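Nothing here was measured: the structure is a model prediction, and the numbers come from that model. Positions are given from 1, in the same order as the sequence printed here. Both counts, for ligands and for their atoms, begin at 1 and track the order of listing. The figures here come from the full heavy-atom set of this structure, side chains too, leaving out hydrogens, waters and symmetry mates.
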Amino acid sequence: MKKLRFAIFGAGFWSHYQLAAWKELKGVECTAIFNRTLAKAEALAAKFGVPSAYDNAEELLRKEQPDFIDVITDVDSHRRFVHLAAKHQVPVICQKPMAPSLAEAEHMVKVCRQARVPFFIHENWRWQTPIRRLKKILNERKIGTPFRARIDMVSGFPVFRNQPFLKELEQFIITDLGSHTLDVARFLFGEAKNLYCQTRRVHRDINGEDVATIVMRMGQGTTVTVNMAYAGNYLEREAFPQTCFFIEGEKGSLELAPDYRIHVTTRQGTRAERHAPPRYDWANPAYDVVHASIVPCNADLLRALQGRGSAETTAEDNLKTVRLVFAAYGSARTDRVIKLRA
Ligand code: 89Y
C-alpha cells in the first residue's frame, strides 16, 4: 500500500508527541510542518527529519499536496484550518476540543460534509490501555448491567507549566479535560439522556473553571458522575494523568485505580490485574498513559484514511461529545438539568 504523506499544522508542546507517535506507524510519513512562527516549524522539522517547513498554510497545501493534514494548533484556529482543508479537498484530523463553541463545531462538520472531505478528531483518551480493558470487561458482562459509575480525573499536577495557554481559557477544565472524560463516558456507557453540572475556580490566576462535577443519566440507564479537578492542591493518591473509575453492576463491581490496577469483584471474589500502557522512549514520563494512547488513536485514524474501515472518532461522532461539553457549561450557568436529544 502506498505511503500516505501528511503535514502537521502547529509546532507547540503536543506536536512533538503527536509526530513521535506517527513515527511508530508504518504506511505514513510527515513531509511538511506549518507554524505561524517559521523558526518553530523549522526546529520541529529538524528534530524529526521532516523535509519542509512553512509559515504559510495555503502555500504548504498547494506545494506539498498532502494526503491529509493533522491540525495541532490552538482551538481558536481550528475552524480556519479545517475550512482550508475542505477548500483544498484534503482530509483533516483536528485535535480536541474541536472548537470553542458548539455552533462553530457544527459548522465545521457541515462544511466538511458538504465538501465530502473526511474530518476526524484526535480524541485519544478512550485509547488508553486500561480504559480499553475496562470496555472489554464491560462487554463481556462480567459485572452485568452497570447501574452507576464514577469517573475521577482529579489531580494537583501543575498543568499550566507545559501548557500556559490553558490559563487564558474562559472555559478551561470541561473543554480541555471534559472533552476526554465525557467522550470516555459515551464510549463506555452510551449516549447521555440528561446532564447536570457544577463548576468552581480554585486557582486565582486563571480565567476559567478548574473544578467540575458532572452527573449524567446514560442511554442504558447508568448514572455516571464525572469528577474533574486541577486545583493545584496536594493529594495522597496523585496519579496524573490517570483517570480512575468505579463501576457498579448488577453482578459485581469494577475499579480502575492508580498504577493501572484493575479489580473485578464478583461472587467469585476479587480478581486483580494490571494494565500498564506500552513505554515509548519519546513519551514524557509525566504524561505516560496519555502519550502512549496517541499511537492506537493515530492507527485507528490511519486505517480510515487508507480506506480500510471507519474511525471511532470521526468529527460527526465527536459532535456528540462537544454537545455534552457545552451542555455542562449551560447547566453550570443556570443550575439546571439539561435534557439531551437522542
Ligand atoms: O491538554 C490536556 C490533554 O489533552 O491531556 C492532558 C492535558 O495535557 C492536560 O489536561
Side-chain angles (χ1 to χ4, degrees), residues 8 10-21 70-78 93-100 105 120-131 151-187 199-203 206-214 226-233 235 238-244 258 260 277 280 282-298 301 312-313 318 321-322 324-325 328:
I8 294 260
F13 175 68
W14 216 257
S15 301
H16 290 255
Y17 305 106
Q18 188 92 357
L19 202 38
D70 187 3
V71 177
I72 319 169
T73 57
D74 62 281
V75 62
D76 289 330
S77 59
H78 287 177
I93 301 170
C94 178
Q95 274 297 308
K96 57 53 73 172
M98 192 186 321
F120 305 98
I121 298 302
H122 190 277
E123 177 42 77
N124 54 313
W125 220 259
R126 59 163 74 194
W127 289 99
Q128 291 180 20
T129 309
I131 295 179
I151 303 179
D152 292 338
M153 178 62 218
V154 173
S155 167
F157 185 79
V159 278
F160 308 113
R161 211 172 279 164
N162 291 324
Q163 297 167 281
F165 70 94
L166 295 176
K167 272 187 160 183
E168 313 304 325
L169 297 176
E170 296 290 335
Q171 296 181 317
F172 163 47
I173 204 167
I174 309 177
T175 57
D176 174 65
L177 190 60
S179 296
H180 290 311
T181 51
L182 293 169
D183 188 70
V184 166
R186 292 183 48 233
F187 173 60
T199 61
R200 294 189 65 126
R201 174 169 52 226
V202 174
H203 279 89
I206 68 170
N207 289 332
E209 81 293 348
D210 51 10
V211 177
T213 309
I214 300 174
V226 182
N227 293 306
M228 291 177 279
Y230 282 144
N233 53 359
L235 303 165
E238 176 58 63
F240 180 87
Q242 296 174 52
T243 314
C244 296
Y260 321 113
Y280 295 104
W282 48 263
N284 181 332
Y287 292 77
D288 230 6
V289 67
V290 171
H291 283 169
S293 72
I294 301 174
V295 178
C297 178
N298 285 357
L301 299 171
E312 284 190 19
T313 59
N318 194 261
T321 299
V322 177
L324 296 186
V325 165

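For ligand 1, residues of the protein lying within 4.0 angstrom by heavy-atom distance are W14, K96, W125, V159, Q163, D176, H180, Y230, Y287.
Ring pair F13/Y17 is perpendicular by interplanar angle, where above 60° counts as perpendicular and below 30° as parallel.
Remark: D210 pairs with no residue by the salt bridge (charged side-chain N to carboxylate O under 4.0 Å, His left out) rule, at least two apart or across chains. Scanning for side-chain contact (heavy atoms from CB on, under 4.5 Å) contacts around S15 gives I8, L44, I72, with sequence neighbours left out. With sequence neighbours excluded, the residues forming a side chain to side chain donor-acceptor pair (under 3.5 Å) with Q18 are D70, Q95, H122, listed by chain and number.
For the pair D183 and K96, the salt-bridge criterion is not met [side-chain N within less than 4.0 Å of a carboxylate O]. Under a 4.0 Å N-O distance rule, the pair R200/E209 does not qualify as a salt bridge.
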